[in-house]
2 protein chains.
Amino acid sequence: MLFCGNYKSVLDFVARQVFDKLRKFVSIIEPKATEAMETKIRNMEDFAKASGISRPTISKYFNDPNAVRNTTRERIEQALETYDYRPNIFAMNQNRKLTRNIGVVVPSLADPFFAEIARNVERRCIDAGYQPTLYSAHGNRDQEVEILDSLRSLKPAGLLIAPLGRSSDKAMIEKFSQKVPTVLFDSYLPDIGLSFGGSDNFQFGRLIVDYLCRTGTPPCFFEMQNPSNPNANKRRQGYIAAMEALGHTPQVVSVTGEGWNFEEIGRNGGLEVIDSDGFPSDTVLCSNDRLAIGLISACFARKIPVGFESDSAIRIAGMDDHPFSRFTCPPLTTISQDYEAISKHAVETLFGNLEGDEITDKVVLFEGNLIMRKSA
Amino acid sequence: MLFCGNYKSVLDFVARQVFDKLRKFVSIIEPKATEAMETKIRNMEDFAKASGISRPTISKYFNDPNAVRNTTRERIEQALETYDYRPNIFAMNQNRKLTRNIGVVVPSLADPFFAEIARNVERRCIDAGYQPTLYSAHGNRDQEVEILDSLRSLKPAGLLIAPLGRSSDKAMIEKFSQKVPTVLFDSYLPDIGLSFGGSDNFQFGRLIVDYLCRTGTPPCFFEMQNPSNPNANKRRQGYIAAMEALGHTPQVVSVTGEGWNFEEIGRNGGLEVIDSDGFPSDTVLCSNDRLAIGLISACFARKIPVGFESDSAIRIAGMDDHPFSRFTCPPLTTISQDYEAISKHAVETLFGNLEGDEITDKVVLFEGNLIMRKSA
DNA sequence: ACCAAAATTTTACGCGCGGAAACTTTGTAG
DNA sequence: CTACAAAGTTTCCGCGCGTAAAATTTTGGT
């Protein structure tokens, strides 16, 4: 017999011959083989040895499975199933300039709206092969700063942040965004980050004012005096513009209150208004659903029937399509935010940029949809 | 002049003399000094050099600030302010057997109850000098498994988990808890983890049944047919025991529904019951507040007035003191869970154990308080 | 069957820190 | 002042992996 070819193919050939000869003993051999498999894989080197592939190649595979040849990838993935090895993420991230960590920051997780959008964003990050870590500023400027501060040491590949808004430390966020690719969502901060994606809050006003005027008395606008969220201002402006376009006089009712307990503020503010002069219109458009929930609660307390039916005394509408707004009494008419579109924009813009795409739009606004329920 | 003492004290002496001579130039020197300070501290070695303390001591300080002498700690902390260096957490955790990472896992962040308790737990971890990372299983068994799986690679010092409950992969959690100190909260899994702390759901039933019976018709019990959370069973049992103790016949109304959309389930189930035979009592105790919110919504849809007043047709009570339950129409009478006590127990038990304390109680139950509002 | 291009292997170094060992300085007590 | 334990310093090694360069092998197409 003549051996031709490189030593590897010769070895392959010999190995196959030997294995065929030994096949009848396979039942005896196998227990030993599994025993050998049990030898703990402690690091990439062990795994490389066990899988018969060099460590640098394994390393390449974990950084990008497509960076290795198909056949190699298959061999690695097969070995991976056998030995269930996973690289030490601390050692990985130590030398890598760019980790696959993504910081996800929202102003308040106690607000189901943000909980929902955070969930959506999180899922998308994981699906894209990144590792999101979720943070909530709990409505607090210092905590937002603290989060960014501790985020630095995670060397994140990117940041997806819904800023607190007015109370954010904009300089801090801007500084951070210059080091780490950052995409904003929900709440806009001028000239910060790669891009911003959120709802067209101005359009919200037009949409719902049109509807409310078409079906009854033109609405007044119910809001917090010093809204922490810039969206509230856009919404007020949208309301005013829409009213004026229709030839009505805008009427804004501002109530005091600090912080993020919007339901509480809406309720207390509502009670105050009701107990003094009352609302200037029998239709109240609230700056957001949570205020509306509080206001509905206040109306109930004062036995004022809410709804669009003839036996009702007041119509109330909100904005956001908060997860709970369909369970208020009556269910809340509102404008839905496009959760999916917003989270999709944020994630895809960030990852697109990380992979070299150009940013096409600095600001992307998504339209809301009118959700008609019983309250207005 | 004669120099006596070791070379360090001599140097110190000389340095002080030199410095005093140069004091008048301090305004000239300082810019240079700050310039020197700007020399980027890239690692612990640089920082050690800059602060004039050896690297191993710096290392000790970061692992436990109390492990170094007071004067040394002050010097380090002063240098820390000057140079704002922070150790590379990846390099730190690579060699340390025990990180300061704490995994915090809740079944669903979209539920404000868990959002709230998670916030509480998070805060306590940070205050204790640990680094919590928050995860939500989103009501999904696979995601819970996935979280624990990816948590492994973070080498967490401990795990604080509110399991999904019935649908949890108990074997997985148990296996995990044998490697990582684990404390359960909210939802009990027998014989898993160091300790469990949660509400005494059995007592909830007694408390509210007593109240409802004292003030009106004995309640029926409204629940999901296959509650994913074991607390629901305890609550039913508590209801039944309390009713029997008072000589009443317990009546349980179970509605179908899967998942974590409790409001939806409560609403649909409520509509179904109302539209067929109606509830067996004019007082309905709901297994949790979210079901109650759904039921109130159903009653409103059918124009059934809810409340304890004479013009009402049905009384509804819940359990949890959900953040929104005070804004329902009418505000929901319920049993409050002791968020503070539960999170405190979880955190303190875990950290106590990490620092060598013995576990005193495997199971700790906290009593709820009756929150009387208008709904019952 | 041959050859250039692509992929893999070999070899070697470094990241930033933890931690051990042997030694020196410091603080405190007798 | 001496003695001694505690704290700090020096020196060294290793963790698990990224990454670069050079050598080698494999691949795909002619």
Side-chain angles (χ1 to χ4, degrees), chain A residues 4-13 40-76 79 83 85-100 152-155 157, chain B residues 4-13 40-76 79 83 85-100 152-155 157:
Chain A
C4 312
N6 60 57
Y7 79 85
K8 272 222 167 180
S9 38
V10 174
L11 277 176
D12 277 356
F13 175 79
K40 273 282 156 55
I41 306 291
R42 304 210 157 279
N43 53 38
M44 198 179 274
E45 188 129 16
D46 287 359
F47 179 71
K49 233 170 274 172
S51 61
I53 295 178
S54 74
R55 192 180 66 73
T57 303
I58 306 274
S59 174
K60 263 176 80 178
Y61 167 83
F62 279 112
N63 287 323
D64 178 6
N66 295 318
V68 301
R69 200 184 300 145
N70 279 4
T71 57
T72 313
R73 190 174 60 233
E74 280 161 21
R75 286 170 64 199
I76 294 177
Y83 299 101
Y85 156 78
R86 34 179 42 192
N88 180 316
I89 71 166
F90 299 110
M92 284 179 69
N93 289 333
Q94 181 175 15
N95 298 325
R96 200 148 40 185
K97 44 222 116 261
L98 185 88
T99 70
R100 295 189 80 82
R152 283 194 335 195
S153 56
L154 280 182
K155 295 188 204 168
Chain B
C4 314
N6 59 56
Y7 77 86
K8 271 223 167 180
S9 37
V10 173
L11 277 177
D12 278 355
F13 176 81
K40 272 286 156 53
I41 306 289
R42 304 211 158 278
N43 53 38
M44 197 178 276
E45 188 130 15
D46 287 359
F47 179 72
K49 233 169 275 171
S51 62
I53 296 179
S54 73
R55 194 182 64 73
T57 303
I58 306 274
S59 174
K60 264 175 78 177
Y61 167 82
F62 279 111
N63 286 324
D64 178 9
N66 294 318
V68 302
R69 200 185 299 145
N70 279 3
T71 57
T72 313
R73 189 175 59 235
E74 280 160 21
R75 286 171 61 201
I76 293 176
Y83 300 101
Y85 156 78
R86 36 179 43 196
N88 180 316
I89 70 165
F90 298 110
M92 284 179 70
N93 289 333
Q94 179 175 22
N95 299 324
R96 200 146 43 183
K97 45 219 117 257
L98 187 89
T99 69
R100 294 189 81 82
R152 283 195 336 194
S153 56
L154 281 182
K155 297 187 202 170

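All values below come from the heavy atoms of this structure, side chains included, with hydrogens, waters and symmetry mates left out. Chain identifiers are assigned alphabetically (A, B, ...) following the order of the sequence lines, protein sequences preceding nucleic acid strands; residue numbering begins at 1 within each chain.
- Residues A/K155 and B/N88 have side chains in contact (heavy-atom distance under 4.5 Å, counting atoms from C-beta outward).
- Note: CG (A/D64) to C1' (C/dT8) measures 16 Å, nearest angstrom.
- Here the C1' atom of nucleotide D/dT10 and the NZ atom of B/K49 are 13 Å apart, to the nearest Å.
- Taking atom CD1 of residue B/I76 and atom C1' of nucleotide D/dA7, one finds them 12 Å apart after rounding to whole Å.
- Distances shown here put a side-chain N or O of B/T57 below 4.0 Å from the OP1 or OP2 atom of D/dT9.
- Taking each heavy atom of A/A157 and A/R100 in turn, the nearest pair found is CB-CA, 4.4 Å.
- A/R75 has its CZ atom 15 Å from the P atom of C/dA7, to the nearest Å.
- For B/Y61 and C/dG19, the OH to P distance is 17 Å, given to the nearest whole Å.
- B/V68 pairs with exactly one of B/E74, B/K60, B/R75 by the side chain to side chain contact (heavy atoms under 4.5 Å, CB included) rule, that one being B/K60.
- In this structure, A/R152 places its CZ atom where more than 12 heavy-atom neighbours from other residues, nucleotides or ligands lie under 6.0 Å away.
- Considering only side-chain N and O atoms, B/T72 lies nowhere under 4.0 angstrom from the phosphate OP1 or OP2 of D/dA7.
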What protein N or O atoms touch nucleotides 28-30 of chain D N or O atoms at under 3.5 angstrom, if any, and at what distances?
none

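- Ring geometry, B/Y83 versus B/F47: the interplanar angle exceeds 60°, so the pair is classed perpendicular (tilted spans 30 to 60°).
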The contact string for nucleotides 14-20 of chain D, one letter per nucleotide 5' to 3', using protein heavy atoms under 4.0 Å with B, S and - for base, sugar-phosphate only and none, comes out as BBBBBB-

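- Every side chain to side chain contact (heavy atoms under 4.5 Å, CB included) that B/N70 has, sequence neighbours left out, goes to B/R73.
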